[in-house]
Amino acid sequence: MSLTTSGPERVAVERGPFTSHSVAQKFGFARITLLVLACALSALLAADTEHDRSGPPVQFVDATSESGISFVHENAASAEKFLIETMGGAAAWLDYDGDGLLDFYIANSSGTEAFEPSEPLRGALYRNLGNGKFADVTGVALVGAEGLFGMGVAVGDYDNDGAPDLVVTGFARSVLYRNDGEGAFQDATQAAGVSNAGKWGSSAAWFDYDNDGLLDLVIVNYLEWSAERNFYCGERRPGYRSYCHPNRYLGQEPTLFRNRGDGGFDDVTQDTGLAGHAGNGLGVVCFDYDRDGWMDIFIANDSMPNFLFRNIEGRKFEEVAYIAGVALGENGEAEAGMGVDAADYDGDGWPDLYMTHLDFEFDRLYRNGRDGSFLDATFEDGIGYATFDVSGFGTRFVDYDNDGWRDLFVANGHVLDNIELFHEGTRYQEKKLVFRNIGGKFEEVGERLGADIARPRVSRGAAFADYDNDGDIDVLVANNGQEPQLLRNEGGNRRNWLQVRLVGQLSNRDGIGARVTVSSGGVTQVAERTGGGSYQSAHDPRLHFGLGDQDQAERVEVVWPSGRADGFEGVLANRVLVVREGESPISSSPISPGESSVGLPL
């Protein structure tokens with residue numbers, strides 16, 4: 001489907017706030033009618049399919065309050081409409097203390113020239129107590145990032161000592177926290193040389209771009225904004241001032257830091273070819289899209305062409321988004337790229353792409369063409385129309401019902417707190433979407449997964465993990481200016497599952513970049529341990545595979561970044577398989593909540 005927009009209309013959008021054309025302008029009455037009919041048909045097909053499923057449906061239940069989580073994100077909202085107020089809210093899962101239970105970190109903002117908090121603001125680290133409860137241990141762990149207007153979080157064991165480290169990105173600087181392995185973190189930003197000073201760091205990702213066994217760091221930067229250059233946008237009457245469109249500002253190039261292996265990093269942005277590619281970067285995912293053994297970088301840019309940096313044997317990167325077909329939307333226009341993820345949703349063994357956008361645009365689903373290019377499958381595979389009237393941020397391919405097909409979760413929330421004044425029918429707080437994967441095609445089923453999925457929020461980052469170790473994937477959603485939502489999956493583990501925890505030896509200890517193939521009951525699933533993904537968030541380090549009714553995986557194979565391949569036969573279901581590079585499995589015993597399979601950090 002090709003949609004076009006006239007030049008004058010496009011200019012008006014770029015110069016104003018975060019608003020788009022009316023539906024009537026963009027589609028016309030006939031296309032609106034088609035949209036409504038298509039949505040109705042999709043709902044009927046979804047309802048019919050649900051009758052074919054055995055047992056009660058999966059439900060996502062909001063467990064935030066009962067879990068002891070009291071954190072509330074402060075967005076520092078002010079009458080000045082600083083653009084940094086709109087983008088924050090991100091979370092990350094990590095087992096910081098090595099007890100086999102996933103803890104989480106959530107970023108926060110700080111005071112600004114237009115906002116003075118009543119008390120100092122800080123991010124929060126919550127320790128998983130193993131009984132469904134969490135405890136705030138920020139002060140003890142020394143990871144508050146006080147004074148940082150925080151944005152995103154990335155987790156990676158950059159020194160290969162077995163303890164996950166943290167990067168918190170933010171406006172004008174970022175922070176690196178090194179895990180000391182004894183329950184606390186040390187601020188290693190200056191010693192490591194990764195402050196990203198003067199840049200608005202958004203998302204970040206750990207990955208090993210040169211396959212030397214050490215995790216490198218890419219930070220995606222957003223705009224050259226400052227309080228001194230905070231333009232007035234919107235109408236000049238009370239209540240109608242708006243946050244400015246990003247195209248009012250210059251973009252920033254990403255920053256790539258190479259790990260030297262001595263605790264320090266070198267800025268290799270220029271040397272590797274990333275310099276000169278200034279963008280409005282928000283989401284990032286690192287993965288090997290062309291299966292050549294080297295991890296590539298995809299960056300979702302806000303209202304400008306996206307970037308796909310192809311890794312050329314760990315020496316440099318070549319920007320190929322136009323050639324690969326992922327720079328622009330199907331209509332040939334740049335779209336408001338925000339969250340992004342990569343995984344094999346259609347079962348062909350090759351990683352595909354998903355990207356979220358602002359309302360009055362469609363999220364984009366790109367199917368890997370296995371020839372260096374992607375095909376826009378947004379409408380063909382059932383995503384398009386459901387995403388048109390929401391603004392998507394956090395997103396991930398996850399098999400929430402363990403049927404062996406990767407579904408798709410999307411957290412939504414508008415960027416304009418007064419959007420109702422500009423768009424009739426559009427709301428600041430929006431519901432989440434969940435697309436169930438049926439053999440490579442999707443149906444939107446969010447409202448059937450519980451009231452807590454449908455409850456509107458101003459959502460940003462979404463982090464995914466099996467935090468209660470019960471065999472299904474849960475979701476932590478970070479909301480802008482609101483409390484987070486811990487959405488516990490109830491019922492996804494009625495089907496069988498397998499999780500694979502990687503421990504690199506020649507490769508980086510986290511196994512980022514490794515490709516895992518699970519064969520079970522005549523079905524083969526392939527998953528890569530990617531870097532980044534979603535929006536400004538980090539996820540369960542274990543790779544999760546739904547096995548449906550199968551009680552074992554006939555074969556599990558791991559191909560490491562080092563090039564080594566390890567294979568295992570007859571792995572029983574409903575357990576964590578811990579694989580150390582070059583050795584037999586450490587263990588493949590079942591786990592119960594609060595236990596890892598071998599007592600290693602998750």
Side-chain angles (χ1 to χ4, degrees), residues 1 205 207-209 211 283-300 305-314 317-330 332 337 340-355 363-384 395-399 404-408 435 437-442 500 512-520 522-533 543 545-546 555-561 563 565 567:
M1 177 181 245
F207 76 127
D208 184 4
Y209 82 87
N211 285 351
V284 62
V285 63
C286 299
F287 70 115
D288 184 8
Y289 84 94
D290 52 2
R291 298 279 297 269
D292 66 353
W294 302 92
M295 294 192 78
D296 312 295
I297 307 170
F298 180 82
I299 296 175
N306 306 305
F307 295 146
L308 176 59
F309 292 104
R310 179 174 175 266
N311 189 337
I312 303 176
E313 298 180 343
F317 290 88
E318 177 187 13
E319 206 291 295
V320 297
Y322 278 100
I323 297 172
V326 293
L328 305 170
E330 190 180 31
V340 64
D341 195 32
D344 175 22
Y345 78 86
D346 56 358
D348 67 354
W350 288 70
D352 310 296
L353 267 174
Y354 186 78
M355 183 167 34
D363 290 2
R364 294 290 172 185
L365 177 67
Y366 293 104
R367 188 191 310 135
N368 197 319
R370 297 180 282 180
D371 59 358
S373 69
F374 290 82
L375 305 173
D376 191 326
T378 306
F379 294 94
E380 179 182 349
D381 288 346
I383 294 295
T395 187
R396 194 155 176 86
F397 289 101
V398 290
D399 185 358
W405 292 92
R406 297 189 182 278
D407 313 298
L408 191 55
F435 294 92
N437 188 337
I438 306 174
K441 305 291 184 180
F442 291 95
V500 179
I512 294 176
R515 188 168 66 250
V516 178
T517 302
V518 173
S519 301
S520 177
V523 175
T524 298
Q525 299 180 56
V526 179
E528 180 182 347
R529 178 83 157 87
T530 59
L543 294 176
F545 298 86
R555 181 169 175 81
V556 177
E557 183 176 86
V558 180
V559 177
W560 299 88

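FYI, the numbering just counts along the sequence from 1. These numbers come from a predicted model, not from an experiment.
- The backbone N or O of Ala343 sits nowhere less than 3.5 Å from a side-chain atom of Glu528 that would complete a donor-acceptor pair.
- Formation of a donor-acceptor pair under 3.5 Å by the Asp407 side chain with backbone atoms of Asn437 is found in this model.
- Pairing each heavy atom of Val558 with each of Ala514, the nearest pair is CG1-CB, 4.3 Å.
- The shortest distance between side-chain heavy atoms of Ile512 and Met295 falls below 4.5 Å.
- Looking only at side-chain heavy atoms (C-beta outward), Thr378 and Glu330 stay at 4.5 Å or farther from each other.
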Can you check side chain to side chain contact (heavy atoms under 4.5 Å, CB included) on Val556 and Phe545, steps first, answer last? CA-CA 11 Å; Val556 177; Phe545 298 86; over 6 Å; no
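- Heavy-atom minimum distance, Asp352 versus Asn368: OD1-N, 2.7 Å.
- Listed for the Glu557 side chain is no donor-acceptor partner under 3.5 Å among the backbone atoms of Val559.
- Using a 4.5 Å heavy-atom threshold, the side chains of Val500 and Arg529 count as separate.
- Remark: Asp344 engages no residue in a salt bridge (Lys or Arg N to Asp or Glu O under 4.0 Å) (not counting sequence neighbours).
- Checked against salt bridge (Lys or Arg N to Asp or Glu O under 4.0 Å), Arg291 has no partners two or more places apart in sequence or in another chain.
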Step-by-step side chain to side chain contact (heavy atoms under 4.5 Å, CB included) determination, Phe287 to Leu353: CA-CA 10 Å; Phe287 70 115; Leu353 267 174; 3.9 Å; yes
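- A side-chain donor-acceptor contact under 3.5 Å links Gln525 to the backbone of Gly546.
- Side chain of Thr530 to main chain of Cys286: no donor-acceptor pair is present (N/O by atom type, distance under 3.5 Å, no hydrogens or angles).
- Between Phe307 atom CZ and Ile299 atom CD1 the span is 6.5 Å, to the nearest 0.5 Å.
- Heavy-atom minimum distance, Gly513 versus Pro561: C-CG, 3.8 Å.
- For Tyr354 and Tyr345, the gap between ring centers reaches or exceeds 6.0 Å.
- Heavy-atom minimum distance, Asn211 versus Asp208: N-OD1, 3.0 Å.
- Arg406 and Asp399 are not joined by a salt bridge, as no carboxylate oxygen comes within less than 4.0 angstrom of a charged side-chain nitrogen.
- Within the 4.5 Å cutoff, side-chain heavy atoms of Leu408 are placed close to those of Ile383.
- Within the 3.5 Å criterion, the main-chain N or O of Gly293 finds a donor-acceptor partner in the side chain of Asp288.
- A pairwise comparison of heavy atoms in Gly314 and Trp294 identifies N-CE3, 3.4 Å as the closest pair.
- Ring orientation note: the planes of Phe435 and Phe442 are nearly perpendicular, at an angle over 60° on the 30°/60° scale.
- A donor-acceptor pair is defined here as one N or O able to donate and one able to accept, closer than 3.5 Å; such a pair exists between the side chain of Asn311 and the backbone of Tyr209.
- Counting only heavy atoms from C-beta outward, the side chains of Leu328 and Tyr322 approach each other to under 4.5 Å.
- Residue Gly372 comes nearest to Ala324 through the heavy atom pair O-CB, 3.6 Å, listed as atom of the first residue, atom of the second, then distance.
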